[in-house]
Amino acid sequence: MSDSEKRTDFVREIIKRDIETNRYGGKVITRFPPEPNGYLHIGHAKAICLNFGIAQEFPNARCHLRFDDTNPCKEEQEYVDAIIEDIRWLGFDWGEHLYFASDYFEKMYEYAIQLIKAGKAYVCDLSPEEIREYRGTLTEPGKESPYRNRSVEENLELFERMRAGEFPDGAKTLRAKIDMSSPNLNMRDPVMYRILHAKHHRAGDKWCIYPMYDWAHGLEDSIEGITHSICTLEFENHRPLYDWFLDQLGVHHPQQIEFARLNLTYTVMSKRKLAELVERKYVSGWDDPRMPTISGLRRRGYTPRAIRNFCKRIGVNKYNSTVDIALLEHCIREDLNKRAQRVMGVLNPLCIVIENYPQDKVEYLDAINNPEDPSAGTRKVPFSRVIYIERDDFMEEPPKKFFRLAPGREVRLRYAYFITCTDVIKDSDGNIVELRCTYDPATRGGDAPDGRKVKATLHWVSAEHAITAEIRLYEHLFTKEDPNDVEEGRDWTDNINLDSIKMINDCKLEPSLANSKVGENYQFERVGYFCIDKDSTQERLIFNRTVTLKDTWAKIAKRNNTNKNK
RNA sequence: UGGCCUGUAGUUCAAUUGGCAGAACGUCUGACUCUGGUUCAGAAGGUUCCAGGUUCGAUUCCUGGCAGGCCAGCCA
């Protein structure tokens with residue numbers, strides 16, 4: 001599926017129908033309304049692609065970016081900045097339509113007065129505990145507040161004094177007068193305003209009353225002329241209230257549509273849990289490459305195109321499901337295969353001396369930059385008598401189906417020569433420290449004039465020319481597909497994979513990598529996709545492994561291993 | 001012993017609105033290959049949650065079950 005291909009879903013079907021019936025004058029205006037209290041994650045990317053994607057697909061459509069900043073206690077400018085950066089990076093644009101709920105506070109206040117005047121809202125003196133008691137339970141109706149029938153004048157005066165700061169936090173609330181016996185708890189006189197003497201990251205000290213989500217959100221949508229207000233499933237129960245407020249006010253009334261949030265195997269997606277991973281130092285920060293955050297994926301080497309494509313493939317639905325993380329990995333491989341420059345890098349070096357190759361000779365061999373993209377051209381790679389290969393590419397006693405180097409066996413060094421292993425050198429503990437090989441000068445470039453074949457082609461790096469780098473290998477952050485699957489008395493943090501990061505220090509890379517920049521994607525041939533981490537310095541390059549290449553041998557080896565252990 | 005929502009290959013989604021249940025990912029097999037990558041070809045995989053009903057015909061409509069999700073913040 002290419003980036004430009006469309007895919008329909010129940011949300012788009014609703015919008016199509018509304019356009020056909022001219023429900024909103026043919027207009028389509030969506031919005032992405034993050035609360036700036038954390039970083040965006042791949043689940044948000046699903047919502048972003050949905051809302052901004054719809055805006056791109058339909059005529060007369062646009063998508064607003066609106067910060068739903070109605071709770072000063074949790075929100076910070078740092079998050080606003082990070083969210084803006086992440087959405088831009090994902091490739092979406094809101095034009096001049098950047099909004100903040102806090103800019104609507106005055107307007108919301110006026111609407112509240114309108115509701116009070118209509119006898120549909122009242123100031124309540126019940127404490128939080130009392131409100132809870134009065135609310136009733138899922139199966140029993142609630143009781144009406146003793147303050148429910150205050151006069152309009154008294155409510156108006158009290159509400160004004162709430163705003164003026166005459167009461168302490170929690171002393172009073174403004175509540176909608178709906179139905180304390182509604183089977184939908186949201187309709188049991190929900191709180192519209194609470195008193196909070198807190199400094200807001202944008203409004204400062206201007207307000208000491210703040211609107212609750214249910215009251216604020218519909219108004220934000222209405223004020224901006226949103227036509228389709230797309231949110232996640234847990235707000236389904238809130239839709240009657242969303243509708244009630246807008247109906248009472250008689251204002252523009254968008255359609256709220258709910259869809260299922262994204263879950264991914266081997267990771268967690270709740271903001272609370274991600275924040276906990278950061279706070280308790282299980283990860284290095286919100287942008288740790290193991291995090292499912294947009295910034296974490298970016299640092300890991302994921303591309304916007306891969307993430308967008310992933311969101312397209314998973315679809316949109318109304319039931320909770322968990323997407324196999326293998327699909328995300330497939331999407332990044334698919335994109336990087338087409339675009340990433342190929343290089344040679346040895347993660348775990350094993351030294352080879354090619355005994356019949358001249359001491360001081362250096363040859364510069366042609367290597368293809370990207371077989372998927374001829375326009376990427378070629379480069380020169382230095383070859384000499386002492387090289388490194390991957391330790392995993394040699395076995396002294398090769399099992400069946402192991403095609404790579406072994407004593408007496410001939411393999412090809414990519415773009416270079418055929419070599420044959422003649423000797424294995426070990427230290428006193430029996431560890432292999434070096435290999436001796438001979439090369440066939442007639443196979444220069446990697447082709448044998450006599451047409452003989454080898455079963456394997458290995459990547460390699462000339463020892464004399466190699467640059468040394470640190471490479472960070474990442475595994476899933478959790479050991480279980482569902483991190484929340486825990487026994488009694490344990491919790492999700494018990495499922496954290498303590499080996500999810502492995503740092504390797506003396507990796508040997510071809511010299512062309514010396515000039516690479518942060519974020520650039522490479523394919524280390526036969527190994528995986530890597531990118532330069534921001535922790536890199538002039539002296540020391542650090543690479544993140546984005547994802548491995550598909551590895552048939554690893555699969556066979558794993559199978560052999562499990563069979564052995566049976 | 002409340003209300004709302006949802007049940008289709010292992011997973012995520014389709015099925016032109018009542019007309020032969022398909023795709024992608026994953027898995028497995030084979031071909032090709034100077035990446036055990038890519039690409040290509042193929043295979044396995046289904047009681048469409050269950051039971052009734054309407055209909056020539058039901059994944060689709062109706063009824064009743066069952067299972068899962070959400071809701072008792074002055075969070076969003």
Side-chain angles (χ1 to χ4, degrees), chain A residues 1 7-9 13 33-35 37 68 70-71 73-75 124 126-128 131-133 135-142 169-175 182-188 190-196 209-210 212-214 216-217 231-240 258 260 262 265 271-272 313-331 333-334 337-338 342 344 368 371-372 401-404 412-416 418 443 445-448 453-459 481 523-528 548-556:
Chain A
M1 194 179 346
R7 178 165 181 168
T8 194
D9 51 64
E13 289 306 313
E35 184 190 12
N37 68 344
D68 201 5
T70 56
N71 184 354
C73 306
K74 292 185 174 176
E75 297 153 8
C124 183
L126 254 29
S127 70
I131 287 192
R132 194 187 321 127
E133 283 165 30
R135 186 153 34 223
T137 68
L138 294 175
T139 51
E140 300 156 25
D169 287 3
K172 291 185 179 352
T173 57
L174 184 72
R175 294 226 261 161
S182 170
N184 183 340
L185 268 51
N186 295 126
M187 301 299 272
R188 319 242 265 228
V191 172
M192 295 164 61
Y193 278 95
R194 74 280 211 188
I195 299 173
L196 236 41
I209 57 171
Y210 288 92
M212 297 287 291
Y213 170 86
D214 287 307
H217 204 87
C231 62
T232 44
L233 246 31
E234 67 269 26
F235 292 104
E236 256 171 341
N237 295 326
H238 295 246
R239 181 158 23 95
E258 309 87 9
L262 170 67
T265 55
K271 258 192 214 176
R272 202 205 90 225
R313 282 167 182 259
I314 59 177
V316 180
N317 233 315
K318 278 192 79 127
Y319 49 86
N320 290 300
S321 58
T322 303
V323 176
D324 191 340
I325 199 160
L327 182 58
L328 217 209
E329 293 170 348
H330 166 80
C331 290
R333 284 194 190 104
E334 180 181 56
N337 174 52
K338 273 180 278 183
R342 265 80 251 235
M344 291 196 283
I368 294 165
E372 308 293 320
K401 289 191 178 173
F402 182 85
F403 304 149
R404 285 110 94 144
R412 171 169 40 234
L413 295 177
R414 177 136 235 225
Y415 302 126
F418 286 14
T443 58
D447 286 310
K453 304 275 186 198
V454 287
K455 292 204 76 170
T457 300
L458 309 188
H459 61 281
E481 266 196 31
Q523 184 196 98
F524 290 10
E525 292 208 35
R526 305 208 307 132
V527 181
T548 60
L549 251 33
K550 281 208 275 181
D551 189 345
T552 317
W553 167 244
K555 215 176 276 178
I556 295 167

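As judged by a 4.0 angstrom heavy-atom cut-off over every strand, A:Pro240 is placed among residues making no nucleic acid contact. No contact: A:Val527 has no heavy atom under 4.0 Å from any strand. If you check every strand for non-hydrogen atoms under 4.0 Å, A:Arg188 touches nothing. When heavy atoms are screened at a 4.0 angstrom cut-off, A:Gly315 is found touching no nucleic acid atom at all. Using a 4.0 Å heavy-atom criterion, one finds that A:Phe402 contacts the bases of the nucleic acid, with or without backbone contacts as well. Note on A:Lys401: a base of the nucleic acid sits closer than 4.0 angstrom, heavy atoms only. When heavy atoms are screened at a 4.0 angstrom cut-off, A:Tyr210 is found touching no nucleic acid atom at all. Residue contacts for A:Leu549: at a heavy-atom cut-off of 4.0 Å it reaches a base atom on one of the strands shown. Here A:Arg342 lies in heavy-atom contact (under 4.0 Å) with a base. Contact annotation for A:Ile368: no contact, since no heavy-atom pair falls under 4.0 Å across all strands. As judged by a 4.0 angstrom heavy-atom cut-off over every strand, A:Glu140 is placed among residues making no nucleic acid contact. Contact annotation for A:Thr322: backbone-only contact, meaning every heavy-atom pair under 4.0 Å involves sugar-phosphate atoms and none involves a base.
For A:His330, taking side-chain heavy atoms from C-beta onward, the closest of the listed nucleotides B:U35, B:G26, B:U38 is B:G26. Here the side chain of A:Ser321 is nearest to one of B:C13, B:G69, B:U35, namely B:C13. Here the side chain of A:Glu372 is nearest to one of B:U38, B:G36, B:U35, namely B:U38.
Atom C1' of B:U8 sits at a distance of 14 Å from the matching atom of B:A58, rounded to the whole Å. Rounded to a whole angstrom, the distance from the C1' atom of B:G36 to that of B:A44 is 23 Å. Remark: the separation of the P atoms in B:C20 and B:U27 is 32 Å, to the nearest Å. When the P atom is used for both B:G22 and B:G45, the distance is 14 Å, rounded to whole Å. Taking atom C1' on both B:U12 and B:U48, the two are 16 Å apart, rounded to the nearest angstrom. B:U39 and B:G46 have their P atoms separated by 27 Å, with the value rounded to a whole Å. Using C1' as the reference atom, B:G57 and B:G10 are 31 Å apart when rounded to the nearest Å. Comparing the P positions of B:C49 and B:G7 gives an interatomic distance of 9 Å, to the nearest angstrom.
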Assess whether side chain to side chain donor-acceptor pair (under 3.5 Å) is satisfied between A:Thr8 and A:Glu13, documenting all intermediate values.
-> CA-CA 7 Å; A:Thr8 194; A:Glu13 289 306 313; 2.6 Å; yes

Apply side-chain contact (heavy atoms from CB on, under 4.5 Å) to A:Asn37 and A:Lys271, showing your working.
-> CA-CA 9 Å; A:Asn37 68 344; A:Lys271 258 192 214 176; 2.5 Å; yes

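Between A:Arg313 and A:Glu334 there is a salt bridge, since at least one side-chain N of the basic residue sits less than 4.0 Å from a carboxylate O of the acidic one. Remark: A:Glu35 does not engage A:Lys74 in a salt bridge, criterion side-chain N to carboxylate O under 4.0 Å.
Each of A:Arg333 and A:Asn320 lies near RNA chain B, and the nucleotide nearest A:Arg333 is the one positioned closer to the 5' end. If you find the closest nucleotide of RNA chain B to A:Glu236 and to A:Ala326, the one lying nearer the 5' end belongs to A:Glu236.
With a 3.5 Å ceiling on both atom-pair distances, B:G45 lacks any Watson-Crick or G-U wobble partner. Shown here, B:A23 forms a base pair with B:U12; the pair counts as Watson-Crick or G-U wobble because both key distances fall under 3.5 Å. Using the Watson-Crick or G-U wobble rule with both distances under 3.5 Å, B:C4 pairs with B:G69. Base pairing of B:G64 is made with B:C50, judged by Watson-Crick or G-U wobble geometry with both donor-acceptor distances under 3.5 Å.
A donor-acceptor pair under 3.5 Å is formed between the side chain of A:Thr137 and the backbone N or O of A:Glu140. Using modelled atom types, no side-chain atom of A:Thr173 and backbone atom of A:Arg194 make a donor-acceptor pair closer than 3.5 Å. Side chain of A:Asp551 to main chain of A:Ala554: a donor-acceptor pair is present (N/O by atom type, distance under 3.5 Å, no hydrogens or angles).
Nucleotide B:U17 carries a syn base; the chi torsion (O4'-C1'-N9-C4 or O4'-C1'-N1-C2) is within 90° of 0. Taking 90° from 0 as the syn/anti boundary, the base of B:G73 is oriented syn.
Atom CD1 in A:Ile556 sits about 12 Å away from atom P in B:G36, given to the nearest Å. For the pair A:Leu458 CG and B:G37 P, the interatomic distance rounds to 15 Å; values are reported in whole Å. Atom CG of A:Asp551 is separated from atom P of B:U38 by 10 Å (rounded to the nearest Å). Per the geometry, NZ belonging to A:Lys555 stands 12 Å off C1' belonging to B:U29, to the nearest Å. For the pair A:Ile314 CD1 and B:G26 P, the interatomic distance rounds to 16 Å; values are reported in whole Å. Atom CZ in A:Arg239 sits roughly 18 Å away from atom P in B:C70 (whole-Å rounding). With rounding to whole Å, A:Asn317 atom CG is found 14 Å from B:U59 atom C1'. Computed from coordinates, the A:Glu258 CD to B:G69 P distance equals 19 Å when rounded to whole Å.
Rounding to the nearest 0.5 Å gives a distance of 11.5 Å between OG1 of A:Thr232 and CG of A:Leu262. In this structure, CD in A:Glu525 is found 9.0 Å from NE2 in A:His459, a value given to the nearest 0.5 Å.
Qualifying ring pair (Phe, Tyr, Trp, His ring centres under 6.0 Å) partners for A:Tyr213, counting only residues two or more places apart in sequence or in other chains: A:His217, A:Phe235.
Two residues are said to be in side-chain contact when any heavy atoms from C-beta on lie closer than 4.5 Å; A:Arg404 and A:Trp553 meet this criterion.
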Going 5' to 3' through nucleotides 71-76 of chain B and flagging B where a protein heavy-atom sits under 4.0 Å of the base, S where only the sugar-phosphate is that close, and - otherwise, we get BBSBBB

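Within the 4.0 Å cut-off from OP1 or OP2 of B:C13, at least one side-chain nitrogen or oxygen of A:Tyr319 is found.
In this structure, A:Phe403 counts as stacked on the base of B:G36 under the 5.5 Å centre distance and 30° plane angle limits.
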